[in-house]
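Contents: one structure, followed by commentary.
Just so you know, ligand 1 is whichever comes first in the structure, and atom 1 is the first atom listed for that ligand.
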Amino acid sequence: MKKIVILISGRGSNMQAIVESAARQQWPARIAAVISNRADAGGLEFAASHGIPTAVVVSKQFATREAFDAALQAKIDEFAPDLVVLAGFMRILTAGFVGHYANRMLNIHPSLLPSFVGLATHQQALDAGVKVHGATVHFVTAELDHGPIVAQAVVPVLEGDDEDSLSHRVLEQEHQIYPQAVRQFIEGKLHIKGNCVHISE
Ligand code: GRF
């Protein structure tokens, strides 16, 4: 049984999609813990009500990024995960932390990378006037929102879209591709070669 630790900062809808897929599809894996950097993250309640251990490491209580990442790493490693899943985890991570989980940490970013890194990706897409937008699941490397791409989903940008309508359309796709990518990792189907991920059957 592989072990997954999921990190969240907020509502945790991607975490929820992963938990539900794992149960429904009977993955050979269990969600060992859901950890948040904010005590008020809505997703913690869902996790606890599904019998998943939860923990909070409050980022604001640490003077430096390094100190927080060290505490977070210690907490994560108590659960000895095979995979760390960032699901709306709103923190920039130190190179040391990222290196510790090299090739075993995934993130979802709400844009078609390499376009629109950072925050407010839906507004960035609207401002750029692109006709398609989407989401990307990628392995985490030290450079923010870079790293080998596992999966992408494309949605149209429609006449009259605003940030709300566009983010909603993208989020629906996130809930499809993220559980699928996590499952492929658990099944040993993701092979990183340089900056590319090859997916075996
Ligand atoms: C998602 O749009 C995800 O792509 C981004 O943050 C948002 C998190 O939403 N990284 P949720 O907490 O999973 O509902």
Side-chain angles (χ1 to χ4, degrees), residues 4-24 31 33-50 52 54-59 72 76 83-93 97-98 101 105-128 130 132-157 161-185 197:
I4 302 169
V5 167
I6 305 180
L7 305 188
I8 63 170
S9 297
R11 74 189 154 187
S13 70
N14 278 288
M15 175 270 296
Q16 190 170 328
I18 291 165
V19 167
E20 285 170 347
S21 292
R24 196 174 54 243
I31 315 304
V34 170
I35 301 175
S36 173
N37 64 315
R38 297 176 55 123
D40 61 356
L44 289 171
E45 212 170 295
F46 171 88
S49 71
H50 283 70
I52 299 168
T54 62
V56 179
V57 183
V58 180
S59 36
L72 179 64
I76 293 170
L83 175 66
V84 175
V85 172
L86 307 183
F89 189 63
M90 304 303 284
R91 293 280 310 174
I92 292 175
L93 300 164
F97 181 92
V98 171
Y101 300 106
M105 182 155 65
L106 292 172
N107 181 45
I108 189 154
H109 182 77
S111 80
L112 293 172
L113 291 173
S115 292
F116 312 136
V117 301
L119 298 173
T121 55
H122 308 301
Q123 193 58 53
Q124 289 190 57
L126 290 168
D127 292 346
V130 294
V132 293
H133 182 45
T136 303
V137 178
H138 64 97
F139 281 98
V140 178
T141 55
E143 198 178 345
L144 181 69
D145 298 331
H146 282 66
I149 290 173
V150 179
Q152 293 186 301
V154 180
V155 303
V157 179
D161 260 340
D162 59 14
E163 233 183 328
D164 258 18
S165 58
L166 189 53
S167 67
H168 182 78
R169 197 173 306 126
V170 171
L171 193 64
E172 279 181 356
Q173 294 305 311
E174 293 184 36
H175 297 164
Q176 302 301 315
I177 62 171
Y178 211 4
Q180 189 184 12
V182 171
R183 183 180 183 172
Q184 287 169 332
F185 179 94
V197 178

Self-check item: For Pro156, all residues meeting side chain to side chain contact (heavy atoms under 4.5 Å, CB included), sequence neighbours excluded
Solution: Leu158, Arg169

Quiz prompt | Within the 6.0 Å centroid threshold, strictly below: His133 and His122 | solution = yes

Practice problem: Enumerate the protein residues lying less than 4.0 Å from ligand 1, judged by heavy-atom distances, in chain and residue-number order. | Solution: Arg11, Gly12, Ser13, Asn14, Gly88, Ile108, Pro110, Glu174

Quiz item: Is the backbone N or O of Thr121 less than 3.5 Å from a side-chain atom of Ser111, with the two atoms forming a donor-acceptor pair by type?
Solution: no

Quiz item: Between OG of Ser9 and CG of Leu44, what distance do you get to the nearest 0.5 Å?
Solution: 10.0 Å

Self-check item: Gln173 side chain vs Val154 backbone, donor-acceptor pair below 3.5 Å
Solution: no

Quiz item: Shortest non-hydrogen contact from Ala135 to Ile177?
Solution: O-CD1, 3.8 Å

